[in-house]
Each structure stands twice: as C-alpha cells, then as structure tokens.
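Just below is one structure, and these are the notes that go with it.
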2 protein chains.
Amino acid sequence: MDTDEELVIDAPHRELLDQILDKWSLGILNELCERPCRFNELRRAIPQVTQKSLTATLRRLERNGVIERKVVSTRPVAVMYLITPLGKTLRHPVDVLLAWASQNMPAVERARRDFEARGETDGL
Amino acid sequence: MDTDEELVIDAPHRELLDQILDKWSLGILNELCERPCRFNELRRAIPQVTQKSLTATLRRLERNGVIERKVVSTRPVAVMYLITPLGKTLRHPVDVLLAWASQNMPAVERARRDFEARGETDGL
DNA sequence: CCGCATCCCTGAGGATACTG
DNA sequence: CAGTATCCTCAGGGATGCGG
C-alpha cells in the first residue's frame, strides 16, 4: 500500500513506543517486574482490563521481546508470563517518565484550570 | 523485600502520559524545542499530520501546559506556538525513552523475527 | 484454566470544503 | 494564514460464547 515514506522523527521508534507505552502495557510490565504471573493473576491485578485486551497486550509485549510466555503442560494448561532481561531495561525509562508525571501533575492540573478559565478571552 | 519504590500507575498518570506521548506530540515537542513555530511551519515540519490532528494535538498540549499559543494580531493573523518551561522539563524523560528505543531496537527486531518464526512451528 | 472467535459500538483521525 | 465543520473509515476494545 504505502511505498517509501518520509520518516518524521523516528517512525520505527514511535511505533515501538506506541506498542510498549499503550493503555495496559505499563501496568502489566509493572506487575511482571514484581513477580511472574499467570493469566488470571494479571486479570486480578488489573481488574479493568478485559480478557481480550489483556491477551492482545500480552501478545504484543511478547512479540517485542519484553515479556516471555511459558506454557506449562500440566492438567489444565497453566501459562506463566515473565519479564525478560530486555523488559527489565524498560524499568528505568518508564520510571523516569512516571517520576516526571508525579512531580508535574500539580503544574499540569493548574495549566488545565487556566486553560478552561481562559476559554473566553481567546477570541479566535 | 527491597525498599525501592513501586511504580504506581493510576488513572490520572496514565491519562497524562496518553495525552503527551501520543502519535504526534513527540514530533511537535521536538520541533518546538528547537524554535517557536507557526501553525503552517509545523505542518511543513511534520508533513504527515493533517490540520485537524495538528490542531487537536496542539490544543491538547496547550491544555496540559507544555506549549503556549501566542496570537499576534497582525494583518493576516499570525499564531506562534512555543514550548513552556514545563514543556522543557519533558525533554529529559522523553530523551531517556528515545535513547532506550534506539539502543534496544535491534533486540526488539530480533525478538519480533523470533516471534514470527516461532508462530509457524508452534501452530498455535 | 487459558484464550480464541464473533458481534458491535465508539471514537481517533484522514480527506475535503469553507470562513475570519 | 489559521483554523472550523462535515463526512467517512477503520482499528480498539467491551460483551459474550466456545474450544483445548
């Protein structure tokens, strides 16, 4: 469909970040950093996620090599998800990001209130 | 038990990161870190973005206080977008993230190939 | 217990046309 | 020049049911 496209900033990087920083990934990664988890353990740990989204996110993370999926062929099949060494290296960047968010949340909220309040003075 | 801080990912943080790390924000932020830009300058700098998405992203970034919108009431109205001090503090976290992406892209691509290759043999 | 398949709905985002 | 308004598409993700 698309031929050679002009890359804006870092198209591959953008794509990778999209896959890793999406809605549920951070929570899952965070959970798996603590301990390996089974599918339903993750569901319990992150109650808001649906089965479908959880499966999709886990697959995506596995595909990108940040988590590993281990099938244990016991009686009712058990599946373990664990963080990989590559996945562990994500902790620092994510931590820095979350630290920024924590630290600047007040400023952001102030900006948001300012923005709403200013809504009228902005003529155009 | 170790004493290191647990990453907390609550809804407000997630939402904030979603608003700031979305499809076009990084590119725009990057551009505005270099120099203040006008609307069409940004369009030219990031050719893939449509007016609608650009407008929406700029509004979102402005609302969150990371950029500022300055209207100059000259003859044909001019609008300047500039990074705020708060916006500048985003550079480091984003930089760390991009550095991670750069550094680990090869590993990720390897993992992806592994994943695809494993998909056939596994027959799942 | 794990997770794939299906239907359905919402909303982000692209294309296009039109104003101040 | 800097948007707003309208239409349309399509992927994300909730709900439910089935299969290994």
Side-chain angles (χ1 to χ4, degrees), chain A residues 1-2 5-6 8 11 14-15 17-28 31-32 36-63 67-82 115 118-119 121-124, chain B residues 11 14-15 17-28 31-32 36-63 67-82 115 118-119 122-124:
Chain A
M1 206 51 108
D2 56 8
E5 289 241 340
E6 165 82 340
V8 198
R14 250 261 57 94
E15 187 210 354
L17 294 182
D18 278 341
Q19 304 228 332
I20 285 173
L21 299 175
D22 76 312
K23 193 171 181 184
W24 303 113
S25 293
L26 290 193
I28 293 172
E31 210 57 40
L32 293 185
C37 283
R38 306 194 25 196
F39 189 80
N40 281 343
E41 278 184 298
L42 285 171
R43 290 192 69 180
R44 259 173 269 127
I46 311 170
Q48 298 85 1
V49 72
T50 61
Q51 179 278 322
K52 184 182 176 180
S53 301
L54 181 55
T55 302
T57 307
L58 287 171
R59 281 273 182 269
R60 193 164 40 237
L61 292 177
E62 187 196 0
R63 191 176 96 88
I67 69 171
E68 189 193 342
R69 180 174 176 270
K70 258 204 155 70
V71 180
V72 184
S73 298
T74 53
R75 210 248 310 167
V77 184
V79 181
M80 268 308 210
Y81 292 95
L82 350 87
F115 182 81
R118 201 169 48 227
T121 64
D122 186 15
L124 178 60
Chain B
R14 251 264 53 96
E15 188 210 355
L17 294 182
D18 279 341
Q19 304 226 336
I20 286 174
L21 300 176
D22 77 312
K23 192 170 182 184
W24 303 112
S25 292
L26 289 193
I28 294 173
E31 210 57 39
L32 294 184
C37 284
R38 306 190 28 190
F39 189 81
N40 282 342
E41 279 185 298
L42 284 172
R43 289 192 67 183
R44 260 172 269 126
I46 311 170
Q48 296 83 2
V49 73
T50 61
Q51 317 85 318
K52 185 182 175 181
S53 300
L54 181 55
T55 303
T57 306
L58 287 170
R59 282 271 185 267
R60 194 164 41 236
L61 292 177
E62 187 196 1
R63 192 177 94 88
I67 69 171
E68 190 193 341
R69 180 173 177 272
K70 260 206 152 71
V71 180
V72 185
S73 299
T74 53
R75 214 243 313 169
V77 185
V79 179
M80 268 308 208
Y81 291 95
L82 352 85
F115 183 79
R118 202 166 48 230
D122 193 12
L124 172 65

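First the proteins, then the strands, lettered A, B, ... as listed; each starts at 1. What you see is a predicted model; the values in this text were computed from it and never measured.
- In this structure, B/Leu58 atom CG and C/dA12 atom P are separated by 17 Å, rounded to whole Å.
- The side chain of A/Lys23 places no N or O atom within less than 4.0 Å of a non-bridging phosphate oxygen (OP1 or OP2) of C/dA12.
- For C/dC2, the base has no donor-acceptor partner in the side chain of A/Gln51 [N/O atoms by modelled type, under 3.5 angstrom].
- Relative to the side chain of A/Arg38, the nucleotides D/dA2, D/dG13, C/dC2 differ in distance, and C/dC2 lies closest.
- Each of C/dG13, C/dG3, C/dT6 was ranked by its minimum atom distance to the side chain of A/Tyr81; first place goes to C/dG3.
- In this structure, the nucleotide among C/dG3, C/dC1, D/dG3 sitting nearest to the side chain of A/Thr55 is C/dG3.
- In this model, the phosphate group of C/dC7 is not approached by any side-chain N or O of A/Lys52 to a distance below 4.0 Å at OP1 or OP2.
- Of the two residues near DNA chain D, A/Gln48 and B/Glu41, the one whose nearest nucleotide lies more 5' is B/Glu41.
- When side chains are defined from C-beta on, A/Ile28 counts as touching A/Leu61, because their heavy atoms get closer than 4.5 Å.
- The minimum heavy-atom distance between A/Asp18 and B/Leu21, with the atom names listed, is OD1-O, 4.5 Å.
- When the side-chain nitrogen and oxygen atoms of A/Arg59 are compared with OP1 and OP2 of C/dC2, none of them lie within a distance under 4.0 Å.
- At whole-Å resolution of the value, CG in A/Asp18 and P in D/dA11 are 15 Å apart.
- Contact annotation: A/Arg43 side-chain N/O to C/dC2 OP1/OP2 distance is not under 4.0 Å.
- Comparing D/dG13, C/dG14, D/dG3 against the side chain of B/Ser53 picks out C/dG14 as the nearest.
- Atoms CZ (A/Arg69) and P (C/dC1) sit 16 Å apart, rounded to a whole Å.
- Projected onto DNA chain C by closest heavy-atom contact, A/Arg44 and B/Thr57 fall at different nucleotides, the more 5' of which corresponds to A/Arg44.
- When rounded to the nearest whole Å, the span between CZ of A/Arg60 and C1' of C/dC4 equals 16 Å.
- Between A/Arg69 and A/Leu58 there is no side-chain heavy-atom pair separated by less than 4.5 Å.
- Heavy-atom minimum distance, A/Ile46 versus A/Gly27: CD1-C, 3.8 Å.
- A donor-acceptor contact shorter than 3.5 Å links the side chain of A/Thr55 to the backbone of A/Gln51.
- The listed nucleotides are D/dG14, C/dG13, D/dA2; the one nearest the side chain of A/Trp24 is D/dG14.
- With rounding to whole Å, B/Glu15 atom CD is found 12 Å from C/dA12 atom P.
- A/Asp22 places its CG atom 12 Å from the C1' atom of D/dG13, with the value rounded to the nearest Å.
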